[in-house]
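Here the structure is laid out as structure tokens; the discussion comes afterwards.
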Amino acid sequence: MKRTRIRIFYPADPVGVVPGGIDTFLRGLIKWAPADLDFSLVGMTTDPVARPVGQWTRCRTGDREFDFHPVVAVGDAGGRGRVPLSVRFSLATWRMLDALRTDFDIFDFHRPEPSLLFREDQRPKNAYFHQDPKIVQLEQSDNLWKHLPALYKRVERAAMYGFSSAWCVRESGVQTLRERYPSIAGRVNFIPTWVDAEIFHPVASDVREALRRQFAQAHGIDVQAQWIISVGRLDTQKDPMLMLEAFSRLRRQGRRVAWLAVGDGVLRPEIERGITSAGLGGKVHLLGLRPPAEIAQWLCASDVYALTSAYEGMPMALLEAMGCGLPAAVTDVGEVRRVVQAGVNGAVAVSRDADGYTQALTQVLDGASTLGGRPALAAVEPFQPAKVLAGVYDNYRLLGQAIALVRETARKNHVADAPERLRRSVVGVPIDLLDRPGASRRIVAWAMARESRTM
């Protein structure tokens, strides 16, 4: 079986507890890969003891193993340091290039910046854009490139022309990239996200009730209330302050509701102050970071999923919630309308403000018994990993064909190094003496060493 080896470069720790859809995306990309595709990841570590910086560690997600090489350590996965993680990651990768550039066939990038470290490397480069690139320029964006938009465009342009293929999780993002780079528009395609049904699925009613009692007792949650749950980073993109305002209005209206916020981030102190000032202590529960299996339990125990984002791609947390049977109240962002149908399995806010979102949340709370369950599950059924990722995996195979052929030729010819040189001088010019097999072995050895030569 011909094997294709893909190396991902992104500051992720798929076996750690890290907020954010990209880590979930990478976990699934590796987990559901066919046997002929081998992944390795250059990322970050949230556990330097188990996964040390600067060392290759064998890790597992699902039934798949992969090699993991962290280049930086992150103590608080939900926080933000003085130096942006993307900058730390790129600098650390540059310092460790020699250990990171061997034994794979295809580069895989989830931000454009790290690809510039490998501009001279001729191996195929595949890229994913997890947002419409236009979002970078928006004032509400939490991407620091918004302060240097002209420089970002130069970085993006330099990276794009080096990509053999690119994917975006927003249709509008595909259009943006095709318009910006028409000469390579054919290399850019749309990919939706997916839900891992092995983890995120409904549970029997007795199991659900047992989970509610367990969580209510452990965290002081009103078990008789309707539980509204959100999952995601506490930052400007996810806009938890909008959710706090809508929730406060529901409480003032006399509704018996509780808000369960799974995740962490830079806005947590502001949210805590808002909870105190609004007198919502004991009604809002900031649950922090949780592993996927535990998030699934919290979803199954809840009544309604809330998404208040200012911008999105195709949020995986939304698919995971609906995969557990929850109806959803969402702001009209990204690709949410692919799965949320007003009056069928949820509601889409008519405006992204407290009035519009409170109205949407009220509609879903009132109709939770009919909007949840089967209608929610039906909406995410098309977004199973095997269906979504089939084209991506085929693309890896296509990109890896040429290099796989070189490796197979080298194996058959038992090539490790170029054969010893036998030279003679002809009219003062040194000439290598080679027979046909020797010439073939030398060419393959140069190719294996990624050397550019003339023969």
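Side chains included, hydrogens not; waters and symmetry mates left out as well; all remaining heavy atoms used.
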Excluding sequence neighbours, so at least two apart, what forms side chain to side chain donor-acceptor pair (under 3.5 Å) with Glu245? Arg249
For His69, what residues pass the ring pair (Phe, Tyr, Trp, His ring centres under 6.0 Å) criterion, not counting sequence neighbours? Trp56
Answer yes or no: are there more than 12 heavy-atom neighbours, outside Asp206 itself, under 6.0 Å from its atom CG? yes
Kindly say whether Val262 contributes a backbone atom to a donor-acceptor pair with the side chain of Arg290 at under 3.5 angstrom? no
With no hydrogens and no angle check, is any side-chain donor or acceptor of Tyr10 less than 3.5 Å from a backbone partner on Pro114? no
With sequence neighbours excluded, give me every salt bridge (Lys or Arg N to Asp or Glu O under 4.0 Å) pair touching residues 295-317. Arg208-Asp303, Arg212-Asp303, Lys238-Glu312
Just how far is it from atom CG of Leu250 to atom CG of Leu361, taken to the nearest 0.5 Å? 5.0 Å
Where at least one partner belongs to residues 221-266, residue pairs that pass ring pair (Phe, Tyr, Trp, His ring centres under 6.0 Å), sequence neighbours excluded: none
Identify, with sequence neighbours excluded, every residue that meets ring pair (Phe, Tyr, Trp, His ring centres under 6.0 Å) alongside Phe25. His110, Tyr128, His130, Trp194
Inter- and intrachain pairs under salt bridge (Lys or Arg N to Asp or Glu O under 4.0 Å), touching residues 216-226, at least two apart: Asp222-Arg256
Is there a side-chain contact between Arg111 and Ser86 (heavy atoms, below 4.5 Å)? yes
To the nearest 0.5 Å, what is the distance between CD1 (Ile30) and OG1 (Thr61)? 7.0 Å
Can you find a side-chain donor-acceptor pair between Thr308 and Asp239 that sits under 3.5 Å? no
Check this for me, if you would: do Asp121 and Arg123 make a salt bridge, where the nitrogen-to-carboxylate-oxygen distance has to be below 4.0 angstrom? yes
Taking the side chain as every heavy atom from C-beta outward, state whether Val17 and Thr46 have any pair of such atoms under 4.5 Å apart. no
Should Leu100 and Val71 count as side-chain neighbours, where that means a heavy-atom distance under 4.5 Å? yes
Judged by atom type as modelled, is there a donor-acceptor pair below 3.5 Å linking the side chain of Ser90 to the main-chain atoms of Val87? no
Donor-acceptor contact present, side-chain Arg178 to main-chain Val188, <3.5 Å: yes
Check whether Arg101 reaches the backbone of Met96 with its side chain - one donor and one acceptor, N or O, closer than 3.5 Å. no
So, Asp38 and Arg3, do they make that salt bridge, N to O below 4.0 Å? yes
What I'd like to find out is whether the side chain of Tyr305 reaches to under 4.5 Å of the side chain of Val231, using heavy atoms alone. yes
Please confirm whether the backbone N or O of Arg51 pairs with a side-chain atom of Thr57, one donor and one acceptor, at under 3.5 Å? no
Which of these passes side-chain contact (heavy atoms from CB on, under 4.5 Å) with Met316: Asp196, Thr24, Val195, Val169? Thr24
Can you name the ring pair (Phe, Tyr, Trp, His ring centres under 6.0 Å) partners of Phe104, sequence neighbours left out? Phe107
Just by distance, no angles: are the side chains of Tyr396 and Asp108 close enough, under 3.5 Å, to form a donor-acceptor pair? yes
So does Glu272 get a backbone contact from the side chain of Thr276, meaning a donor-acceptor N/O pair under 3.5 Å? yes
Side chain to side chain donor-acceptor pair (under 3.5 Å) partners for Glu171, two or more places apart: Arg338
For Arg252, check side chain to side chain donor-acceptor pair (under 3.5 Å) against everything at least two apart and list the hits. Ser248
Please determine whether a side-chain nitrogen of the Lys or Arg among Glu381 and Lys387 lies less than 4.0 Å from a carboxylate oxygen of the Asp or Glu. yes
For Glu120, does the CD atom have more than 12 heavy-atom neighbours from other residues, nucleotides or ligands under 6.0 Å away? no
Taking ring pair (Phe, Tyr, Trp, His ring centres under 6.0 Å) as the test, write out the residues that go with Phe68, two or more places apart. none
Nearest 0.5 Å, what's the CD1-CZ distance between Ile191 and Arg170? 16.0 Å
For the rings on Trp298 and His219, is their centre-to-centre separation under 6.0 Å? yes
Main-chain N/O of Gln341 paired to Asn345 side chain as donor or acceptor, under 3.5 Å: yes
Do Glu320 and Pro292 make a side-chain contact, defined as non-hydrogen atoms from C-beta onward lying under 4.5 Å apart? no
Under a 3.5 Å threshold, yes or no: a donor from one side chain and an acceptor from the other, between Thr4 and Asp105? no
Once rounded to the nearest 0.5 Å, what's the spacing between atom NZ of Lys31 and atom CZ of Phe39? 14.5 Å
State which residues pass salt bridge (Lys or Arg N to Asp or Glu O under 4.0 Å) with Glu65; sequence neighbours excluded, sorted by chain then number. Arg58, Arg60
Gap between atom CD1 of Ile221 and atom CG of Leu260 - 0.5 Å precision: 5.0 Å
Are Thr362 and Arg255 packed together at the side-chain level, in the sense that at least one heavy-atom pair is separated by less than 4.5 angstrom? yes
Side chain to side chain donor-acceptor pair (under 3.5 Å) partners of Gln175, counting only residues at least two apart: Glu179
Please check: side-chain N/O of Tyr357 versus main-chain N/O of Met243, any donor-acceptor pairing under 3.5 Å? no
Distance-only, no hydrogens or angles: does the Arg27 side chain make a donor-acceptor pair with backbone N or O of Pro14 under 3.5 Å? yes
If you measure from CG on Asp67 to CZ on Arg5, what distance do you get to the nearest 0.5 Å? 11.0 Å
Kindly indicate whether the side chain of Asn126, heavy atoms from C-beta on, has any atom under 4.5 Å from the side chain of Ile6. no
Salt-bridge test for Asp332 and Arg337: reply yes if a basic N is under 4.0 Å from a carboxylate O, no otherwise. yes
Given side chains that start at C-beta, do those of Leu365 and Ile228 come closer than 4.5 Å, heavy atoms only? yes
